[in-house]
Amino acid sequence: MEIISFKYLKNLAIYSAILGAGCAIISLIPFLMPIISLFFLPFLGAIAPMVLLIKLDNFNSDENKTFAILGSISGFFICLSYCVVFVPLVFLIHLIFKSYYDYGVQYLNLFLSVLFFIMIAIVYVLTNAVLGLIFGIIFNYIKQNKQNV
């Protein structure tokens with residue numbers, strides 16, 4: 001098994017956190033929130049950080065399971081940064097504008113918040129791991145065909 005450098009993991013975590021925080025800010029628009037949180041981040045969230053990792057940091061791997069591991073790490077950090085940015089902003093906006101839809105965030109206690117985060121994180125990690133595996137297969141296929149031409 002290939003050992004992933006700490007530098008690559010740190011950069012992937014930073015790229016994923018920036019993507020998650022940016023999507024959390026965009027999700028404050030009520031009609032965009034379901035699209036971003038239920039489709040974009042779980043199913044397409046791992047692609048942008050991994051492409052940035054490959055392009056900016058010259059990451060290169062021949063093993064597909066490495067991409068699956070990177071996808072799951074990316075999914076966790078996307079979920080973490082999304083929740084850390086989105087929930088407090090919804091609280092603040094709901095304090096200012098009483099008619100703002102609060103997505104049920106005000107009814108969460110500590111136990112439910114942790115349970116909700118764990119369930120969402122599991123979904124994000126699993127879907128982004130599968131997406132990372134598919135991305136790795138396609139990336140290695142394109143890289144091999146580019147060398148054969």
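- Residues L95 and F91 have side chains not in contact (no heavy-atom distance under 4.5 Å, counting atoms from C-beta outward).
- For the pair L19/F77, no side-chain contact is recorded, criterion being any heavy-atom separation below 4.5 Å from C-beta on.
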Next on the checklist: Walk me through whether M33 and L38 qualify under side-chain contact (heavy atoms from CB on, under 4.5 Å).
Outcome noted: CA-CA 8 Å; M33 194 280 283; L38 298 176; over 6 Å; no

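- Put simply, OH on Y141 and CG on N64 are 13.5 Å apart, with the number rounded to the nearest 0.5 Å.
- Minimum heavy-atom separation, G71 to A46: CA-CB, 4.1 Å.
- Remark: side-chain polar atoms of S74 are not paired, donor with acceptor, to backbone N or O of L70 under 3.5 angstrom.
- Taking hydrophobic clusters as Ile, Leu, Val, Met, Phe, Trp and Tyr residues chained together by side-chain heavy-atom distances below 4.5 Å, F40 does not share a cluster with V130.
- Looking only at side-chain heavy atoms (C-beta outward), L131 and M50 stay at 4.5 Å or farther from each other.
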Checklist entry - Run the side-chain contact (heavy atoms from CB on, under 4.5 Å) check on F86 and L28 step by step: do they pass? => result CA-CA 8 Å; F86 182 74; L28 292 174; 3.9 Å; yes

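- Taking the six-membered ring for Trp, Y124 and F76 have ring centres at least 6.0 Å apart.
- Between V51 and F135 there is a side-chain heavy-atom pair separated by less than 4.5 Å.
- In this structure, a donor-acceptor pair under 3.5 Å is absent between the side chains of N11 and Y15.
- Under the 4.5 Å side-chain heavy-atom criterion for grouping Ile, Leu, Val, Met, Phe, Trp and Tyr, V114 is connected to I122 within one hydrophobic cluster.
- For N128 (side chain) and S72 (main-chain N/O), no donor-acceptor pair under 3.5 Å exists by modelled atom type.
- The closest donor-acceptor contact from the side chain of S81 to the backbone of I78 lies under 3.5 Å.
- In this structure, the side chains of N140 and F67 come closer than 4.5 Å at one or more pairs of heavy atoms.
- Atom-to-atom distance recorded for I4:CD1 and I73:CD1 is 5.5 Å, nearest 0.5 angstrom.
- Summarising the geometry, atom CG belonging to L133 is positioned 11.5 Å from atom NZ belonging to K65; distances are rounded to the nearest 0.5 Å.
- Shown here are the side-chain hydrogen bond (donor to acceptor under 3.5 Å, both in side chains) partners of Y82, two or more places apart in sequence or in another chain: S27.
- Note: the hydrophobic cluster containing I120 also contains I36 (ILVMFWY, side chain heavy atoms under 4.5 Å, direct or indirect links).
- Between atom SG of residue C23 and atom CD1 of residue I35 there is a gap of 12.0 Å, rounded to the nearest 0.5 Å.
- Under a hydrophobic-cluster definition in which Ile, Leu, Val, Met, Phe, Trp and Tyr are linked whenever side-chain heavy atoms come within less than 4.5 Å, directly or via other members, L44 and I138 are assigned to different clusters.
- Going from atom CD1 of I134 over to atom CD1 of I47 covers 9.0 Å, rounded to the nearest 0.5 Å.
- V87 and L92 fall into different hydrophobic clusters, where Ile, Leu, Val, Met, Phe, Trp and Tyr side chains are chained together by heavy-atom contacts under 4.5 Å.
- In terms of the side-chain hydrogen bond (donor to acceptor under 3.5 Å, both in side chains) criterion, Y8 has no residue partners (sequence neighbours excluded).
- We find the NZ-CG distance between K7 and L53 to be 9.0 Å, quoted to the nearest 0.5 Å.
- Here K10 pairs with nothing under the side-chain hydrogen bond (donor to acceptor under 3.5 Å, both in side chains) rule; sequence neighbours left out.
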